Amino acid sequence: MKFRADKDVFSKAFAACAAAVNTRSPKDILLNVHLEVKDGVASLSATDTDTSIIVKTEVESVADGEALVPQDRMLAIMRETVDDSIELS
């Protein structure tokens, strides 16, 4: 998976999805956001087993794929990034 997105748009989408993550969950899998990139669309999803959130946003996709992203680390990285775009691979 490799893509580029506008930092502000992607940050807002990620933060909205990360709101469903329960940071005190005993299940490590629930501490992550599922990120899937396919055909220029990034689909972000998260759940705390009671509430699920799915957010889709357009990106410049180089290679499709999917990954589990730790929500706390990703939010910290996006907060500190000064560029107007973000590239993940």
Side-chain angles (χ1 to χ4, degrees):
M1 170 178 65
K2 184 173 184 177
F3 70 93
R4 174 173 286 181
D6 179 89
K7 180 188 147 195
D8 291 334
V9 173
F10 188 77
S11 294
K12 288 177 185 174
F14 194 89
C17 189
V21 174
N22 181 353
T23 57
R24 289 184 245 137
S25 176
K27 297 180 182 179
D28 289 339
I29 194 76
L30 297 177
L31 299 174
N32 299 290
V33 172
H34 180 250
L35 170 61
E36 180 178 9
V37 175
K38 185 174 182 183
D39 300 328
V41 176
S43 176
L44 302 136
S45 59
T47 185
D48 67 358
T49 68
D50 291 327
T51 304
S52 296
I53 297 177
I54 300 171
V55 179
K56 294 185 179 187
T57 186
E58 291 185 18
V59 297
E60 296 174 31
S61 177
V62 176
D64 295 346
E66 59 186 311
L68 286 174
V69 181
Q71 64 91 20
D72 55 345
R73 295 178 102 190
M74 186 61 157
L75 288 173
I77 289 169
M78 287 190 289
R79 255 193 317 271
E80 298 298 322
T81 302
V82 294
D83 294 337
D84 291 337
S85 64
I86 188 164
E87 184 175 312
L88 295 174
S89 56

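Being a predicted model, the structure only gives us computed values, none of them experimental. The basis for the numbers below is simple: all heavy atoms, side chains too, and nothing from hydrogens, waters or symmetry mates.
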Once salt bridge (Lys or Arg N to Asp or Glu O under 4.0 Å) is applied, do any residues pair with K38, and if so which ones, sequence neighbours excluded?
none
Could you grab the distance from atom OG1 of T57 to atom CZ of F3, nearest 0.5 Å is fine?
9.5 Å
4.5 Å side-chain heavy-atom contact, V41 and V59
no
Could you give the distance from CG (N32) to NZ (K27), rounded to the nearest 0.5 Å?
14.0 Å
Report the residue from L44, V55, L35 that forms a side-chain contact (heavy atoms from CB on, under 4.5 Å) with F14.
L44
Under 4.5 Å between side-chain heavy atoms, counting indirect links through other Ile/Leu/Val/Met/Phe/Trp/Tyr residues: same cluster for V37 and I53 or not?
no
Check for a donor-acceptor pair, side chain of D83 on one end and backbone N or O of S85 on the other, with a separation under 3.5 Å.
no
Within the 4.5 Å heavy-atom criterion, are D39 and D64 side-chain neighbours or not?
yes
Please check if the side chain of K7 supplies one atom and the backbone of T81 the other of a donor-acceptor pair under 3.5 Å.
yes
May I ask you to test the L68-I29 pair for a side-chain heavy-atom distance under 4.5 Å?
yes
Please report the closest heavy-atom contact between T51 and T47, naming both atoms and the distance.
O-OG1, 3.0 Å
Would you indicate whether the side-chain heavy atoms of M74 and V69 approach each other to under 4.5 Å?
yes
Tell me, please, which residues at least two apart from E36 pass side-chain hydrogen bond (donor to acceptor under 3.5 Å, both in side chains).
none
Hey, are the side chains of T23 and Q71 touching, using non-hydrogen atoms and a 4.5 Å cut-off?
yes
Do E87 and K2 come within less than 4.5 Å of each other through their side chains, counting heavy atoms only?
yes
With rounding to the nearest 0.5 Å, note down the distance linking CG in D6 to NZ in K12.
9.0 Å
Spacing of D72 atom CG and L31 atom CG [to the nearest 0.5 Å]:
7.5 Å
Kindly compute the distance separating CD1 (I86) from CG (L88), expressed to the nearest 0.5 Å.
5.0 Å
4.5 Å side-chain heavy-atom contact, C17 and V33
yes
Can you tell if the side chain of E66 reaches within under 4.5 Å of the side chain of H34, non-hydrogen atoms only?
yes
